[in-house]
Every structure is written in C-alpha cells, then in structure tokens.
Amino acid sequence: ANGNFFLPPGAPAGSGIAVGGVNIDTGGVNTVALRAPAGATVVNPITTLIDAYIRENPGATAAAAETVVQAGLGLPPGLDLLTYDPLSATDGNALAVQQVAAQFATVLITAMAAPQAGLSATQVASTIIGNTLSAIGSGAGAPIALARGATIGALLAGGGGQPVTTTSATEIAVVSDTIASATSISEVSQVQSQALDATPPAAPTAAPDLLASADSGTTTDIVTNAVTPGGRVSFNIAAVDGSAAVVGDTVRVYSGATVV
C-alpha cells in the first residue's frame, strides 16, 4: 500500500490518526502517531502540529491553525497544508514543505527513540509538540529555525529545563541541517533513511538467478562458464516491518567472505 485511504460516507467526524506502518519515502518504521484535523486529505508531521494547535486552542478553526503553523514554520504562503502532499506534488513548493516536515519528524523520531529515564516515547513526543507550538506562538514572529541546535534544544526541554531525550540537540541539528541543504526530495529521504531507519534491509528472498543468456548449465544449478555473467537478485520491497529494500540501501555481493 502507498498510504492512501478513504473514509466511507457516514463515518464519524474528527481528527484522523495514523499509527504504525512504514514510511514509503525512507523505508523506516513510523513510530509517531501522526494526526490531521477533520477535512484533511493528508496526514504528516505538519498536519500533526495543526491538529495539536486546534486541541490546545479550543474554538480555533482548522484554517486559523493552519495559518499560524504555516507562518511559524516559514512555509510557502498560499498552500493548503491540509491537502498538500509534497511527495506527489509537482510544483515548486514541494521540496521546501518536505524539508520542514522531515526536519520536524527527525526531531520527534530521534528523541522518541532515546527518552530520558522515567519518560515514555509518547510523553517525549507530546512535550516536543507542545514546545514547538509555544515557539510558534501566534505565528507573528520570525519562523522557527529547525536546523539550529539552540532551537532544537528548546524543543527538547522538559521539566526543569532538562532535555526529554539522551540524544543531544547538536546531533539532531546536524541531520536537520543536512536536510535543509538537500536539493531534491529524494535526497531528503536518503538523509532521513540514513539517520532514522535502524532496521536493516532483509537478505534476498531467494537465491540469485542467472539470466538466460548467461546460463550455460542446467537452468536450476546457478552455474555458468561465462566470464561476465548476468544475474538477478530479488529483494522484498513490500515488508511492513521496516526490512523492505528502498532506494538508498547498499547492496554488497560476496564470494565467500570477500566483497566482489
């Protein structure tokens, strides 16, 4: 599945929540409960902030919350962030939107993976989202800089000012800054995958298979006398546990213990 969904007529109104699954752009397991307010057609880290703003400001409309978050994150004006999907968009705003979404997701996922003693991953995420909304405020000030260590440090601050994670703000900022320097969405995905995908790809699903043009022996013995034979290796690209092979993964071919 590509993450598409639909709600049948008569379904209860309310926020949409996406839990679990695998991110199709990075191949990593989704560990964040992503949310979007009623009426949204996408669910991502940005809509999660918009939904949180509405829940923390009773009476606020989705449009008002969207305007605040849009300005607070420095996103291109005029976009409907509740329907805009940067991974499928073809306009000139897709990269900027995906960079911000990826930066915020990186802060959340990295911190949630290493919570301070006594804190759960859910508590870490809640604290970071709340701190982000506080930093954004009414959206009238300068946009928050998600590539700066000082900004990320403020987002990670818990009770007594102590960080909610054992991972340093500087370490997260390095990844966030690399995302900000990316020149394409695929590059953003590769940076995220390298930083966040802790599940190694699974081994090939079957033994290598020689191409017919290179198979000089019995078709099932995988033996050839060709000097430069061609072969085929199959990987699982549909696994939902993070072990699926994705763009950016490294493939190594061995002859015994030697990389060839």
Side-chain angles (χ1 to χ4, degrees), residues 18 21-23 25-35 43-53 69 72-75 86-87 95-137 141-200 242 246 248-249:
V22 173
N23 293 297
D25 55 335
T26 66
V29 176
N30 176 44
T31 58
V32 181
L34 300 173
R35 303 177 63 109
V43 183
N44 56 43
I46 296 173
T47 64
T48 300
L49 278 175
I50 294 172
D51 186 78
Y53 183 93
V69 171
L73 295 178
L75 294 168
L87 295 181
L95 177 59
V97 175
Q98 183 61 11
Q99 284 172 315
V100 171
Q103 287 175 314
F104 187 58
T106 297
V107 175
L108 282 172
I109 295 171
T110 305
M112 291 172 65
Q116 288 284 9
L119 294 178
S120 67
T122 300
Q123 290 172 315
V124 169
S126 178
T127 297
I128 293 172
I129 290 171
N131 287 343
T132 303
L133 291 179
S134 296
I136 289 174
I144 63 174
L146 289 173
R148 293 182 55 194
T151 300
I152 294 175
L155 301 186
L156 299 178
Q162 296 300 311
V164 293
T165 176
T166 58
T167 303
S168 71
T170 300
E171 183 178 340
I172 299 175
V174 169
V175 178
S176 189
D177 184 59
T178 305
I179 291 173
S181 302
T183 58
S184 67
I185 286 182
S186 62
E187 189 177 341
V188 171
S189 298
Q190 289 181 20
V191 173
Q192 272 195 292
S193 180
Q194 292 171 0
L196 304 177
D197 186 4
T199 304
V246 297
D249 285 341

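- When the side-chain contact (heavy atoms from CB on, under 4.5 Å) test is applied to T167, the partners found at least two apart in sequence or on another chain are T110, A114, T165, E171, I172.
- Using modelled atom types, no side-chain atom of T151 and backbone atom of A147 make a donor-acceptor pair closer than 3.5 Å.
- Interatomic distance, CD of Q98 versus CD of Q103, reported as 10.5 Å (0.5 Å rounding).
- Summarising the geometry of P115 relative to A113, their closest heavy-atom pair is CD-C, 3.6 Å, with the distance given to 0.1 Å.
- A donor-acceptor pair is defined here as one N or O able to donate and one able to accept, closer than 3.5 Å; no such pair exists between the side chain of T106 and the backbone of S176.
- For the pair T48 and V32, the minimum side-chain heavy-atom distance is 4.5 Å or more.
- The shortest distance between side-chain heavy atoms of D51 and T47 does not fall below 4.5 Å.
- To the nearest 0.5 angstrom, L49 atom CG is 5.5 Å from T132 atom OG1.
- The two atoms that bring N131 and A157 nearest to each other are ND2-O, 2.8 Å, heavy atoms only.
- The CD1 atom of I185 sits 6.0 Å away from the CG atom of L87 when rounded to the nearest 0.5 Å.
- The distance from atom CD1 of I179 to atom OG of S189, rounded to the nearest 0.5 Å, is 9.5 Å.
- Residues A182 and V188 approach most closely at CB-CG2, 3.6 Å, considering heavy atoms.
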* Apply side-chain hydrogen bond (donor to acceptor under 3.5 Å, both in side chains) to T170 and S168, showing your working. => CA-CA 5 Å; T170 300; S168 71; 4.7 Å; no
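- Note: I46 CD1 to L34 CG = 11.0 Å, rounded to the nearest 0.5 Å.
- Closest heavy-atom contact between I128 and F104: CG2-CE1, 4.1 Å.
- Q99 approaches A180 most closely through the heavy-atom pair NE2-O, 3.2 Å.
- Expressed to the nearest 0.5 Å, how far OG1 of T178 lies from CD of E187 amounts to 9.0 Å.
- Take S120 and apply the side-chain contact (heavy atoms from CB on, under 4.5 Å) test, not counting sequence neighbours, and it matches T122, Q123.
- Side chain of Q116 to backbone of V164: no donor-acceptor contact under 3.5 angstrom is found.
- Contact record, T127 with G158: CG2-CA, 4.3 Å, taken as the closest heavy-atom pair.
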